[in-house]
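This report concerns only the one structure given below.
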Amino acid sequence: MPPATSAPSWWRTPRPGLVVALLIATGLEALALWGYTAIGAVSLMTGGAEHVGIAVALLVCSAGGAALMTASVKALGYAQAWSRGPLITIQLLAILVGVSLLQAGVTATGVTVIVWCVLVLVLLFSSEVTRFTGMRGPESRQGPTPG
């Protein structure tokens, strides 16, 4: 007898094309953040960190951000509206990182980060994604009728 599942499989949930593109883009970001966390952990354990306190703080923040991003990507795949908020916030913070990279003279990386985040923001605010996550526009709100 096959096991009974109450929720549909994440992989089998039907999604529009822009949602799939957004899942790929944010999934890659989550993987990159997990990679950064792993590199930071290795650097901390091998004594490569010059300031241990700062390295630990960055490690905790990157692990927390990666976990939040992973949870948000998963929730987006299940069409949960709350997933968009953390993803938008992460994109805005990443744009600030891109600007900092530009100011530090790391132009190619800074421009890449900014362009990537703007692309993800455009996808997050697209009508296909907002419809998929159950967000309603101003035309669907029912308020008092003008009298």
Side-chain angles (χ1 to χ4, degrees), residues 1-138 140-141:
M1 171 158 59
T5 57
S6 59
S9 167
W10 192 90
W11 295 104
R12 295 179 190 223
T13 302
R15 298 175 186 95
L18 287 181
V19 174
V20 172
L22 179 60
L23 287 170
I24 291 169
T26 54
L28 288 173
E29 283 182 325
L31 282 174
L33 200 47
W34 280 117
Y36 176 78
T37 303
I39 290 169
V42 168
S43 175
L44 186 64
M45 288 187 281
T46 59
E50 190 173 320
H51 302 286
V52 175
I54 294 172
V56 169
L58 284 173
L59 188 62
V60 168
C61 288
S62 67
L68 175 63
M69 186 144 200
T70 302
S72 298
V73 171
K74 182 179 178 185
L76 177 67
Y78 278 125
Q80 296 179 0
W82 72 264
S83 63
R84 292 175 69 242
L87 292 173
I88 291 167
T89 303
I90 290 168
Q91 300 316 305
L92 295 175
L93 292 173
I95 287 173
L96 293 176
V97 169
V99 169
S100 296
L101 289 169
L102 287 176
Q103 291 173 341
V106 189
T107 308
T109 306
V111 169
T112 303
V113 167
I114 292 169
V115 169
W116 184 272
C117 292
V118 169
L119 171 70
V120 170
L121 282 171
V122 167
L123 289 172
L124 279 165
F125 286 106
S126 71
S127 60
E128 215 171 287
V129 171
T130 55
R131 262 194 315 275
F132 179 74
T133 56
M135 303 297 291
R136 293 176 287 168
S140 65
R141 294 189 187 127

Worksheet item: What residues, two or more places apart in sequence or in another chain, satisfy side chain to side chain contact (heavy atoms under 4.5 Å, CB included) together with A63?
Response: T37

Worksheet, complete the sentence: Nearest heavy-atom contact between I88 and F125 is CD1-CZ, 3.5 Å

Worksheet item: Does V120 reach the side chain of T26, with side-chain heavy atoms less than 4.5 Å apart?
Response: yes

Worksheet item: What pairs with T109 under side chain to side chain contact (heavy atoms under 4.5 Å, CB included), at least two apart in sequence or on another chain?
Response: L101, V106, V113

Worksheet, complete the sentence: Rounded to the nearest 0.5 Å, the CG atom of L58 sits from the NE2 atom of H51 at a distance of 11.5 Å

Worksheet entry | Those residues that, when tested against V115, pass side chain to side chain contact (heavy atoms under 4.5 Å, CB included) (two or more places apart) | V111

Worksheet item: Are any non-hydrogen side-chain atoms of I95 and L121 less than 4.5 angstrom apart?
Response: yes

Practice prompt. Calculate, to the nearest 0.5 Å, the distance between atoms CG and CG belonging to L18 and L23 respectively.
Written response: 11.0 Å

Discussion item. Minimum heavy-atom separation for V129 and L124, please, with both atom names.
Written reply: CG1-O, 3.9 Å

Item to complete: Return the set of residues passing side-chain hydrogen bond (donor to acceptor under 3.5 Å, both in side chains) with Q80 (not counting sequence neighbours), or none when no residue passes.
Response: W82

Worksheet item: Which heavy-atom pair separates Y36 from S62 by the least distance, and what is that distance?
Response: CD2-CB, 3.7 Å

Discussion item. Can you give me the closest heavy-atom contact between S72 and S83, atom names plus distance?
Written reply: O-CB, 3.2 Å

Discussion item. Main chain of G40, side chain of S43: is a donor-acceptor contact present, judged purely on distance under 3.5 Å?
Written reply: no

Discussion item. For the CG atom of L28 and the CG atom of L33, what is their distance to the nearest 0.5 Å?
Written reply: 12.5 Å

Worksheet item: Which atom names give the shortest non-hydrogen contact between G65 and I90, and what distance separates them?
Response: O-CD1, 4.4 Å

Item to complete: Can you sort out the partners of A41 under side chain to side chain contact (heavy atoms under 4.5 Å, CB included), two or more places apart, ordered by chain and number?
Response: M45, L59

Worksheet item: So, for A55 and L44, which heavy atoms are closest and what is the spacing to 0.1 Å?
Response: CB-CD1, 3.8 Å

Worksheet entry | Within residues 87-98 or reaching into it, pairs that qualify as side chain to side chain donor-acceptor pair (under 3.5 Å) - sequence neighbours excluded | E29-Q91

